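Accompanying notes for the structure given below.
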Amino acid sequence: METDSEPYVRLASLRQLHQAMADMNKARSLADTLQAVADGVVQSLGYELACVNLVGPDGDLVVAAFAGNQAAEALITGRSGSRASWDRRLSMGEQWGDLIFIPHTEGWVLDDDDVPQWYTDGPAPRFEDEWHPSDRLFAPMYAPGPQGGGSSGELIGVLSVDRPRNGRRPGAWGREALQMYAFQAAIAISNARLRSNMQRALVRLERDQQALRASEESFRQAFEYAPSGMAIAEMGGDQHGRILRTNDALCRLLGRRASAMRRYAFSDLVHPEDIGTLLRTSAEGGRAELRLGRRDGTYVWVSLRNSVVADAADGPRFLLTHVEDIEERKRRELQLAHRASHDSLTGLPNSAELRSRLAARLCQRPQSSHAAVADAMDAAYGHPALFDSGGHTFDFSAAPEPYGAFDHHEHAVAPEDGRDDGTKGLAVLFCDLDGFKSINDRFGHNAGDAVLIEVARRLSGGVRDGDTVARLGGDEFVILANGLGRADAEDLAVRLRNEIIQPIRAEGRAVRVGASFGIGWAHCGMTADEVLKSADERMYVEKRSRPKQHRRAG
């Protein structure tokens, strides 16, 4: 995981973290979940070693999973450390939010306790935040509490990490990522334990009637007092999907009474945009992330997992649905994704997002195979199988050949040079501010930032809904406007220039900048960089064509 500041976290890093969380949540057993937690630290968070210490029935912590070094794994997996030793570790050192960091200068007092550990000695750090081989970093994992807070429940284990690949102590982003990962790992482990207990109960239910009666109370308590939402629904027949029973956690999550919930099926509660996701989720072992409606009309993001409750004689009869609140994770993911794809000063889409949106509109013809589509998607999005356009995700790896060849793609065309022939195309307006450098030089960067923010606001207010205004960098902006003819694009450039040249208040004074626009046209067969280069060149032609003394006044 990168340790860059938050606005510059790479989308690839976010995808790795998201994939690691998904892997540990879809593991089929508790053992697989624990190993997925350890592997996820090494694969996505940038550490060479990771160890999952799980609280056992006697209160001591046992090394349940290890990743990053086979020799260390063979040496300490299965060994345990006393709870007293662990409590001492978690009460000393530095508090990094919910994390515990014990520097090598303090860690020597722990060398003789009974906690299994793997470390080596090394020279003193050469700079302030260099990682020392004897440094220790722990992320306690707590069972979800009644309100969903990570630290409000009991300790279920400790995630210990070592050897950051970049050789430095994690910064603010790295710490938050590890803390968020430990929070999600605690939920995954708790849910894996819950599913394991339920599966064992279901096996006992099928053996004989006596075991059935003994297990009903156990199942009832597991259902009623589960920390996350649970529901039982009809399976098959005219009433398929109708909710028969819900626990308190689900009722609290949706703000609905249990008696009212029995009037609904999940299809009645799901957000209209997520109906397709719900229908694509298979009954047995199906999993989906979607939005469910609360009583107050708002929606909450949940992870929904189905299991079939079968009757020995009649076969599948009921659907047991586990509903986990993932609203906070979704909110953080959206925030991080927005920071990675938008300019931190103006809030406009940044250069990477601009190229992504532009590439999504273009195809490299001729296209004749899934391999060609995969190459295009890989170049635009860093992923060969998926791409997102307008909020919809498509999997080309599962598409028939005609779809993979852009059979349903509306090809972008460009008006002919020199005349307006009525053709409507995707106009790309490259805007460069005139006189901006002098404002920075005379009045300072705060004044320059104020000008850029106001120009971004005026550009955004001067285009249509659905058009894109992006900051390419410095004082350069790009507008994507679809469905314009040549005259329309020229009129748009004039209107935007007239908006920009109006006085701007910056640092208590009125300043003015001008703008030069170059109009390019995107059409299939071009790359995003080729389109931008064409518009950039036209902008410089337009800039040179006007006398220097008139550029700022437009």
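Since we're looking at a predicted model, the values are computed, not measured. All values below come from the heavy atoms of this structure, side chains included, with hydrogens, waters and symmetry mates left out.
Side-chain contact between Leu472 and Phe477 is absent, with no heavy atoms from C-beta onward closer than 4.5 Å. You'll find the side chain of Pro170 reaches within 4.5 Å of the side chain of Tyr47, heavy atoms only. Between Arg505 and Val511, every side-chain heavy-atom pair lies at or beyond the 4.5 Å cut-off. A 4.5 Å side-chain heavy-atom check between Leu292 and Val323 finds at least one atom pair inside the cut-off. The closest side-chain heavy-atom distance from Arg136 to Arg89 is below 4.5 Å. With contacts defined as side-chain heavy-atom distances shorter than 4.5 Å, the pair Val37/Tyr181 qualifies. You'll find the side chain of Arg329 stays beyond 4.5 Å of the side chain of Trp301, heavy atoms only. Residues Trp521 and Leu426 are not in side-chain contact: their nearest non-hydrogen atoms beyond the backbone lie 4.5 Å or more apart.
Nearest heavy-atom pair, His342 versus Gly347, reported as atom, atom and distance to 0.1 Å: CD2-O, 3.3 Å. The two residues Met141 and Ala186 make their nearest non-hydrogen contact at CB-CB, 3.9 Å. Between Asp135 and His104, the shortest heavy-atom contact is OD1-N, 2.7 Å. Ser341 approaches Glu353 most closely through the heavy-atom pair O-CB, 3.2 Å. Minimum heavy-atom separation, Glu507 to Asn446: OE2-CB, 3.6 Å. The two residues Glu106 and Met92 have their closest heavy-atom pair at O-CE, 3.9 Å.
No hydrogens or angles considered: nothing links the side chains of Ser516 and Asp432 as a donor-acceptor pair under 3.5 Å. Counted by atom type alone, Thr298 and Asp296 present one or more donor-acceptor pairs between their side chains at under 3.5 Å.
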Evaluate Arg464 against Leu484 for side chain to side chain contact (heavy atoms under 4.5 Å, CB included), listing each step before the verdict. CA-CA 11 Å; Arg464 307 163 300 176; Leu484 298 186; 3.8 Å; yes
Worked check of salt bridge (Lys or Arg N to Asp or Glu O under 4.0 Å) between Glu327 and Lys330: CA-CA 5 Å; Glu327 181 74 18; Lys330 281 290 185 179; over 6 Å; no
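A salt bridge is defined here as a Lys NZ or Arg NE, NH1 or NH2 lying under 4.0 Å from an Asp or Glu carboxylate O, and Glu490 with Arg486 fails to meet this definition. Comment: Asp491 does not engage Arg495 in a salt bridge, judged by the lack of any side-chain N to carboxylate O separation of less than 4.0 angstrom. Checked for salt-bridge contact, Asp536 and Lys533 miss the test: no charged N lies under 4.0 Å from a carboxylate O. Electrostatic pairing of Asp129 and Arg168 counts as a salt bridge here, judged by a charged N lying under 4.0 Å from a carboxylate O. Between Lys424 and Asp488 a salt bridge is recorded (basic side-chain N to carboxylate O distance below 4.0 Å).
Geometrically, Arg175 engages Trp96 in a cation-pi contact, judged by NZ or CZ lying under 6.0 Å from the ring centre and within 45° of the ring axis.
Distance alone, capped at 3.5 Å, is enough to place a donor-acceptor pair between the Arg497 side chain and the Ala515 backbone. Checked by atom type and distance alone, the side chain of Arg291 never pairs as donor or acceptor with a backbone atom of Tyr299 at under 3.5 Å. Between the Arg442 side chain and the Lys437 main chain, no donor and acceptor come within less than 3.5 Å of each other. The closest donor-acceptor contact from the side chain of Asp162 to the backbone of Ala50 lies at 3.5 Å or more, if one exists at all. No donor-acceptor pair under 3.5 Å is formed between the side chain of Glu176 and the backbone N or O of Ala172.
When each of Thr346, Leu496, Ile500 is paired with Val455, the side-chain contact (heavy atoms from CB on, under 4.5 Å) condition holds for Ile500 and for no other. The only member of Asp39, Leu49, Val42 that meets side-chain contact (heavy atoms from CB on, under 4.5 Å) when paired with Phe66 is Leu49. The residue from Arg538, Glu476, Glu542 that alone fulfils the side-chain contact (heavy atoms from CB on, under 4.5 Å) condition with Phe430 is Glu476.
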